[in-house]
S.K.: 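What follows is a single structure, and I will ask about it in a moment.
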Number of protein chains: 2
Amino acid sequence: MNRSSSDPGGPIRQANRELILGAAEKVFARAGFNGATMAAIAEAAGLPKANLHYYFGNKQELYREVLAGTLHDWLVPMDGITPEADPRSAIEQYVRAKMAMSAARPDASRVFANELLHGAPVLGDLVHGELRTMVKRKAAVIDGWIAAGRMTAVDSIHLFFTIWAATQTYADFDVQVRAVLGRSRLTARDHQRAADHVVSMILRGCGL
Amino acid sequence: MNRSSSDPGGPIRQANRELILGAAEKVFARAGFNGATMAAIAEAAGLPKANLHYYFGNKQELYREVLAGTLHDWLVPMDGITPEADPRSAIEQYVRAKMAMSAARPDASRVFANELLHGAPVLGDLVHGELRTMVKRKAAVIDGWIAAGRMTAVDSIHLFFTIWAATQTYADFDVQVRAVLGRSRLTARDHQRAADHVVSMILRGCGL
DNA sequence: GTCTATAAGTTGATAGAC
DNA sequence: GTCTATCAACTTATAGAC
């Protein structure tokens with residue numbers, strides 16, 4: 001009996017899905033949803049086009065899975081923001097985690113940015129749900145720190161917008177960063193300098 | 001004699017170009033370069049499709065003109081950053097000008113963001129040229145303020161990246177902002193609150 | 001300068017052999 | 001589960017009448 005066709009979680013299926021998702025992230029990042037073609041993603045994955053439809057049904061479903069994975073990864077580092085934590089080190093660690101993600105997987109950030117830019121037609125539900133819930137919870141923690149006099153009064157929700165913007169700009173708009181800095185490629189040293197800058201701006205902004 | 005066909009700067013031509021550029025900004029912002037169709041832009045402008053080709057030749061040229069106009073508008077408010085200016089009020093005014101632009105013409109910001117996101121294939125030259133030159137000049141002014149002890153030492157070039165990111169996020173990712181805040185539309189009050197937040201974060205970040 | 005009709009090319013998706 | 005061949009739909013761009 002052919003096990004694979006009856007086992008939706010089998011190892012072949014799993015491996016091929018990962019392969020396709022990685023290729024899709026790259027192609028969607030470079031070309032956007034409409035600019036990306038199933039043919040280009042198939043080529044990047046080294047598989048025939050029909051296989052993408054076999055695993056993901058259609059283009060939008062593939063796109064949605066790329067986005068959902070990114071959102072999940074982004075929510076994880078918020079875990080360090082707890083009432084007991086030290087505000088200064090908790091915020092610094094969160095900002096550094098986001099900067100590291102921008103440097104390590106810029107394509108994931110770009111696909112997400114593109115989706116938001118066009119009104120989140122596919123990810124709308126998750127943004128209204130999981131993301132909003134998490135931010136409200138963590139903003140409450142920050143409000144607690146402020147009430148306890150542990151940091152300057154800032155708008156805690158807008159603080160997240162500022163942190164996301166300041167960190168993700170290095171992934172989303174890296175052409176602009178490279179053009180202005182006059183670099184053809186950002187080195188580890190450039191990323192270090194950028195991270196230190198953002199951390200110190202945000203911490204001073206929070207009076208920390 | 002039919003003057004309009006022999007006068008490339010005539011009033012009919014001018015008015016139609018403006019009409020088309022406005023419609024294009026809206027459609028490109030919502031759908032990206034590839035997602036936008038000439039048919040959709042024509043419909044938004046209330047003109048037949050062939051007229052767009054008559055005035056702009058092809059889709060990419062129309063797109064390029066939308067972008068070039070936006071970049072120009074964005075460079076203007078940097079004029080207030082001069083050696084003689086007061087650092088605090090000059091930076092505050094610049095940030096407020098950028099926040100006002102995000103609120104007033106979010107589509108312009110979105111088209112620009114989309115272009116950068118995909119590697120600036122069309123605007124590359126202008127980013128490497130005009131933008132880079134302007135930033136280097138203004139960063140030198142800020143370095144002068146720092147050397148004179150008029151503000152905290154920050155990386156002056158990265159400061160611009162942070163300001164652009166923090167301000168433009170309210171245009172580019174406004175769906176996210178609205179979703180997290182739980183608003184279907186941002187009011188003037190919301191924009192005021194956002195502007196005050198960003199201004200105070202940036203000024204404290206600069207030790208001002 | 002305006003507009004209809006259409007040519008030429010591209011793309012998402014599927015059928016069906018293996 | 002893999003892959004080739006192909007279709008149906010859509011899009012840019014232009015020709016040519018007005």
Side-chain angles (χ1 to χ4, degrees), chain A residues 1-28 30-67 111 114-115 118 121-122, chain B residues 1-21 23-24 26-28 30-66 111 114 118 121-122:
Chain A
M1 164 188 179
N2 184 352
R3 181 176 179 271
S4 54
S5 66
S6 60
D7 180 0
I12 295 173
R13 187 175 185 86
Q14 188 95 21
N16 275 332
R17 282 175 53 90
E18 291 298 328
L19 182 69
I20 294 167
L21 284 169
E25 178 174 295
K26 190 165 117 184
V27 176
F28 280 132
R30 277 163 186 48
F33 179 79
N34 288 287
T37 65
M38 294 299 269
I41 297 171
E43 190 186 12
L47 292 172
K49 205 172 52 153
N51 291 33
L52 312 202
H53 285 97
Y54 175 72
Y55 283 110
F56 293 92
N58 59 42
K59 185 182 178 182
Q60 180 168 311
E61 178 58 23
L62 173 55
Y63 176 71
R64 209 193 59 78
E65 294 218 26
V66 170
L67 286 172
V111 180
N114 195 58
E115 166 71 2
H118 301 129
V122 173
Chain B
M1 164 186 178
N2 185 352
R3 181 174 179 273
S4 52
S5 66
S6 60
D7 182 0
I12 295 174
R13 187 175 186 87
Q14 188 95 19
N16 276 330
R17 281 176 54 91
E18 290 298 328
L19 182 69
I20 294 168
L21 284 169
K26 189 164 118 184
V27 176
F28 281 132
R30 276 162 187 49
F33 180 79
N34 288 288
T37 66
M38 295 298 270
I41 297 171
E43 189 185 14
L47 291 173
K49 206 172 50 153
N51 292 30
L52 312 202
H53 285 98
Y54 175 74
Y55 284 110
F56 292 93
N58 59 43
K59 186 181 179 183
Q60 180 168 312
E61 179 57 21
L62 172 55
Y63 176 71
R64 208 192 60 77
E65 293 217 25
V66 171
V111 179
N114 195 60
H118 300 131
V122 174

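Hydrogens, waters and symmetry mates play no part in the numbers below; they use all other heavy atoms, side chains included. In what follows, every chain begins at residue 1, and chains take the letters A, B, ... in the order their sequences are listed.
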S.K.: What is the distance, rounded to the nearest whole Å, between atom CG of L47(B) and atom P of dA13(D)?
M.R.: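 Those two atoms, CG and P, are 17 Å apart.
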S.K.: Measure from CD on E43(B) to P on dC3(C) and round the result to the nearest Å.
M.R.: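 Value for this atom pair: 14 Å.
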S.K.: Rounding to a whole Å, what distance do you find between I20(A):CD1 and dC3(D):P?
M.R.: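 It works out to 11 Å between those atoms.
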S.K.: So does V122(A) get a backbone contact from the side chain of E115(A), meaning a donor-acceptor N/O pair under 3.5 Å?
M.R.: yes
S.K.: Regarding A36(A), tell me which of base, sugar-phosphate or nothing describes its non-hydrogen contacts under 4.0 Å with the strands shown.
M.R.: sugar-phosphate
S.K.: Just the rounded figure in Å: distance from P of dT4(C) to CE of M38(B).
M.R.: 16 Å
S.K.: Show your reasoning for whether side chain to side chain contact (heavy atoms under 4.5 Å, CB included) applies to F56(B) and R64(B).
M.R.: CA-CA 10 Å; F56(B) 292 93; R64(B) 208 192 60 77; over 6 Å; no
S.K.: With rounding to the nearest 0.5 Å, note down the distance linking CD1 in I20(A) to CZ in R17(A).
M.R.: 8.5 Å
S.K.: Given atom CG of N34(B) and atom P of dC10(D), what is their separation to the nearest angstrom?
M.R.: 17 Å
S.K.: Write down the distance between CG (N51(A)) and C1' (dT4(D)), rounded to a whole number of angstrom.
M.R.: 11 Å
S.K.: Is the F28(A) ring parallel, tilted or perpendicular to the Y63(A) ring (thresholds 30°, 60°)?
M.R.: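 Ring orientation, 0 to 90° scale: perpendicular.
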S.K.: Rounded to whole Å, how long is the line connecting atom CG of N58(A) with atom P of dT14(C)?
M.R.: 8 Å
S.K.: Test of understanding: with ring pair (Phe, Tyr, Trp, His ring centres under 6.0 Å), list the residues that count as partners of Y55(A), not counting sequence neighbours.
M.R.: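 None.
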S.K.: Under 4.0 Å between any heavy atoms, over every strand shown, what does Y55(A) touch: base, sugar-phosphate, or nothing? Just pick one.
M.R.: sugar-phosphate
S.K.: Protein-nucleotides 14-18 of chain D N/O pairs closer than 3.5 Å?
M.R.:
none

S.K.: Where the side chain of K59(B) is defined as all heavy atoms beyond and including C-beta, which of dT2(C), dT2(D), dA13(D) is the nearest nucleotide?
M.R.: dA13(D)
S.K.: I'd like to know if the side chain of N51(A) and the backbone of Y54(A) have a donor-acceptor N/O pair within less than 3.5 Å.
M.R.: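 Not at all, since once roles are kept as given, no pair shorter than 3.5 Å links the two residues.
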S.K.: Going through the checks in order, is the side chain to side chain contact (heavy atoms under 4.5 Å, CB included) test met by E43(B) and V27(B)?
M.R.: CA-CA 10 Å; E43(B) 189 185 14; V27(B) 176; over 6 Å; no
S.K.: Nearest whole angstrom, please: distance from the P of dC3(D) to the CG of N16(A).
M.R.: 9 Å
